Amino acid sequence: MLSYFALITLVKLSGLLIPFIWLLVIADRRGRLFGTLAIVLMFIVSYVNTYFNLPDLAYPSLIDGWLMWFIFGMIVVTALRRFLYSPNAEVARSSQAGGAGIVSQVVQRFTGAFGWLGKIAMVVVMAVIVFIILGSITSLVTTMNPRPAVQSIKTDMNDDTKGAPMPVIKNSAETPVVNAPQTISTDMNNSLNSFKNSNVYDLNHMRVQMYKGKMVYVAPVEFSGGFWRYIHYLKVPGYFRTNATDKNADPKFVAKPMKYTPSAYFNNDADRRISAHSLGYSMVGATAQLEIDDNGTPYYVRTLAKPISYINRNYDFKNYKVAVLNTITGKVKVYSPKQVPKFVDIAVTPEFVSKEVSLFGRYRHGFWNATSFGGHSGVMKPTTAGTEGGDKLTPYAYKGRVYYFTGMTSVNEHQSSILGYTFVDARTNTLHYYREHGNVMTPERAISYAQQDINPQNYRGTLPLLYRINGDPTWVVSMLDRDNNSFMKYVYLLADGNNQSGTYAIGDDAQSTLALFEQRVEAKTGVAATIPTGKTVNGTINRIVRTDDSLMFILKNNNQVYKMDTTAKNFNPLLQFIAEGDRVSFKAEAAGGNGLATANVSLSTFKDTALTAKK
């Protein structure tokens with residue numbers, strides 16, 4: 001690996017080869033000696049920088065490095081030839097501005113006033129000017145010619161949302177509501193005492209993935225405390241894993257000692273090892289992310305992106321690579337998109353997808369169309385209520401695959417409705433776009449409404465997820481405590497309901513909140529909710545509690561609390577007269593196994609044999 005970075009350093013410094021040969025030709029013995037020492041010193045400094053800072057190794061960056069050293073070297077040697085090694089060097093040093101133009105007069109007076117310091121400063125200024133010009137050209141082309149990048153995106157355009165990989169909830173046994181990453185992170189940090197010497201480790205990042213058919217969060221343990229802590233322990237003890245859809249799931253620590261991690265040093269640094277296999281590509285994202293296979297073996301995965309060309313620095317979203325590092329053996333393999341191992345769910349990082357979605361939304365009809373000179377036809381931008389990719393993306397699990405979801409809205413700040421949705425397959429990088437014809441609110445607006453609905457608790461809304469409930473798009477917002485990120489409530493909002501009465505519900509768990517939401521929507525719209533598919537419950541009422549908007553009871557020999565919404569449209573007033581000792585039968589939405597959560601009774605299935613009328 002050391003020799004690899006030495007080779008990269010030589011490639012960048014090869015721009016000095018021609019200036020150095022020229023120096024050897026014109027300089028005296030002393031000049032050649034000092035020139036050679038300067039080259040050696042620059043190699044050492046550049047090698048240290050390359051090894052520790054891991055600069056971009058995409059070809060445009062390597063060419064920039066070559067040009068930088070070439071231009072700098074030529075300017076330096078030209079200055080040395082003029083002022084030291086030219087037969088007329090004495091004349092050049094003593095001449096003022098006689099016969100010269102304005103620029104020459106300024107240069108001569110400046111260098112004359114400050115001597116060699118002035119000459120060096122002029123060399124630096126000239127080099128900077130050249131690079132500003134080159135940088136401006138590449139920046140202009142990159143900005144004004146996004147078409148090649150947009151055309152490299154593998155897209156699937158759809159005129160409606162019928163085929164969208166939007167989770168469909170038919171009953172409250174199907175509530176794949178993803179837990180907020182802030183809450184999971186807090187729970188994992190509270191579980192750091194699960195292993196020995198936990199005080200020297202930390203959790204810096206985590207990733208959603210599929211593990212044995214279930215959506216989970218995985219977070220690696222990393223070194224905390226710097227170099228000396230690393231020298232003492234050399235390995236991290238393992239990683240945490242927790243179910244992403246179970247609110248009551250506890251983080252599980254998996255003991256898998258890992259030698260090669262991003263927080264390690266020298267050749268054990270995971271990013272450094274991946275960098276050694278990334279020649280010609282840019283490593284996307286701040287660091288590699290952990291994924292595990294079905295055996296629990298941990299790997300670090302990172303997307304390697306390739307720019308379109310030297311002057312067009314936009315990513316080529318088709319020709320990328322995926323680097324996979326075994327954290328135990330240190331072996332790195334680089335795959336093309338179609339050859340990625342099956343256990344890798346996130347082959348493209350959120351940062352890569354975020355750029356892709358932004359370019360797609362704004363420039364798919366060309367650069368000028370998106371400017372004030374164009375017609376702005378179909379110009380959109382991603383919403384900013386996500387959890388990854390600069391707050392633009394939210395991970396979804398659908399039929400065993402992970403998708404990065406974002407709503408697309410108008411670039412007009414005064415509009416707050418969804419124009420469509422993008423679902424990017426995190427494994428294949430296929431961008432699926434689904435046009436929305438309804439009046440669906442943006443996730444930012446859903447969060448705002450949720451926070452209004454739940455006041456005065458002053459909780460913070462996060463992770464708005466879009467589900468299809470009884471055929472209607474519905475936002476599910478997790479409400480967290482502002483101080484410690486603890487989960488507090490769910491808020492379900494009908495996406496086109498504009499927060500009107502009867503179009504939202506608040507609850508402690510996904511199941512009961514869903515049932516309450518269905519009842520309220522039914523009362524508002526007259527559309528019946530789906531009848532529960534579970535078994536019929538039979539028993540004798542043991543205790544009853546009545547509130548302003550509900551009726552709760554328990555059965556004999558059954559500690560489950562059952563709840564009926566007395567404000568529902570189909571609630572029969574006769575049911576207010578049920579009493580202890582009545583024999584009843586009904587269907588209810590399944591609740592947690594600990595019996596603490598309420599189970600919502602389906603009013604259309606409730607029967608009480610003691611009442612003369614039945615509903």
Side-chain angles (χ1 to χ4, degrees), residues 142-166 308 314-318 348-396 398 403-426 428-449 463-468 473-475 493 495-496 498:
T142 300
T143 301
M144 296 185 65
N145 188 25
R147 184 176 294 276
V150 174
Q151 290 177 340
S152 71
I153 301 173
K154 184 180 179 181
T155 57
D156 170 35
M157 305 294 291
N158 299 272
D159 192 53
D160 54 49
T161 64
K162 293 180 180 179
M166 189 186 303
I308 295 292
N314 288 309
Y315 287 153
D316 184 335
F317 295 104
K318 181 179 180 181
V348 285
T349 63
E351 295 83 358
F352 188 76
V353 174
S354 178
K355 289 179 179 291
E356 182 177 37
V357 170
S358 296
L359 285 173
F360 166 81
R362 192 171 188 86
Y363 297 119
R364 72 184 187 282
H365 294 308
F367 170 78
W368 292 109
N369 176 69
T371 67
S372 57
F373 301 103
H376 266 225
S377 173
V379 178
M380 305 177 293
K381 66 178 181 179
T383 55
T384 55
T387 59
E388 300 189 35
D391 297 332
K392 296 176 182 176
L393 308 172
T394 300
Y396 267 74
Y398 185 77
Y403 292 85
Y404 280 118
F405 161 82
T406 186
M408 304 299 290
T409 187
S410 172
V411 293
N412 188 334
E413 299 293 339
H414 300 291
Q415 296 185 19
S416 58
S417 59
I418 291 292
L419 300 177
Y421 313 100
T422 59
F423 289 84
V424 180
D425 190 320
T428 67
N429 197 37
T430 302
L431 188 153
H432 304 269
Y433 176 73
Y434 300 89
R435 183 182 175 188
E436 175 58 69
H437 295 277
N439 181 28
V440 174
M441 70 179 80
T442 62
E444 294 94 334
R445 208 163 108 207
I447 289 177
S448 176
Y449 282 151
L463 195 67
L465 299 169
L466 193 63
Y467 296 94
R468 200 188 303 278
T474 303
W475 288 110
L493 303 101
D496 61 356
N498 292 315

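Not measured: the values here are computed from a predicted model. No hydrogens, no waters, no symmetry mates; every other heavy atom, side chains included, goes into these values.
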From OG1 (T142) to CD1 (I308), nearest 0.5 Å: 9.5 Å

So I447 and W475, do their side chains get closer than 4.5 Å, heavy atoms only? no

With S152 via side chain to side chain contact (heavy atoms under 4.5 Å, CB included) - residues at least two apart: D316, F317, K318

With a 4.5 Å limit on heavy-atom distance, are the side chains of E436 and Y421 in contact? yes

Could you tell me whether the side chain of T161 and the main chain of A164 form a donor-acceptor pair under 3.5 Å? no

Closest heavy-atom pair and its distance - A149, L359: CB-CD1, 4.1 Å

Residue list, ring pair (Phe, Tyr, Trp, His ring centres under 6.0 Å) with Y449, at least two apart or on another chain: none

Minimum heavy-atom separation for T474 and L493, please, with both atom names. CG2-O, 3.2 Å

Going by salt bridge (charged side-chain N to carboxylate O under 4.0 Å, His left out), name the pairs with one or both residues in residues 353-375, residues two or more places apart or in two chains. none

Tell me every residue that passes ring pair (Phe, Tyr, Trp, His ring centres under 6.0 Å) with Y403, counting only those two or more places apart in sequence or in another chain. none

Are any non-hydrogen side-chain atoms of M408 and V357 less than 4.5 angstrom apart? yes

Under 3.5 Å, side-chain donor or acceptor atoms of residues 375-384 against the rest of the protein: list the pairs with distances, not counting sequence neighbours.
| residue | atom | partner | partner atom | Å |
| --- | --- | --- | --- | --- |
| H376 | NE2 | A370 | O | 3.1 |
| H376 | NE2 | T371 | O | 3.4 |
| K381 | NZ | E413 | OE2 | 3.0 |
| T383 | OG1 | T406 | OG1 | 3.3 |
| T383 | OG1 | G407 | N | 3.4 |
| T383 | OG1 | G407 | O | 3.3 |
| T384 | OG1 | E444 | OE2 | 3.1 |

List in chain and number order the residues that pass side chain to side chain contact (heavy atoms under 4.5 Å, CB included) with A426, two or more places apart in sequence or in another chain; answer none if no residue qualifies. I346, V402, Y404

Below 4.5 Å, heavy atoms only, C-beta onward: do Y434 and P165 meet side chain to side chain? yes

Here the pair of heavy atoms bringing P350 nearest to L393 is O-CD1, 3.4 Å

All heavy atoms of P443 vs all of I418, minimum pair found to be CD-CD1, 4.0 Å

Hey, does the side chain of N158 reach the backbone of Y433 with a donor-acceptor pair shorter than 3.5 angstrom? yes

With heavy-atom distances below 4.5 Å as the criterion, would you say the side chains of F360 and V424 are in contact? no

Does some side-chain heavy atom of P395 sit less than 4.5 Å from a side-chain heavy atom of T387? yes

Just verifying a value: how many Å separate N429 CG and I153 CD1, rounded to the nearest 0.5 Å? 8.0 Å

Could you give me the CA-CA distance, side-chain angles and deciding distance for K392 and V353, then say whether side-chain contact (heavy atoms from CB on, under 4.5 Å) is met? CA-CA 9 Å; K392 296 176 182 176; V353 174; over 6 Å; no

Euclidean distance, M144 CE relative to Y363 OH, rounded to 0.5 Å: 10.0 Å

For S417 and N439 the tightest heavy-atom approach is CB-OD1, 3.9 Å

On the 0 to 90° scale, with breaks at 30° and 60°, tag the Y396-F423 ring pair as parallel, tilted or perpendicular. perpendicular

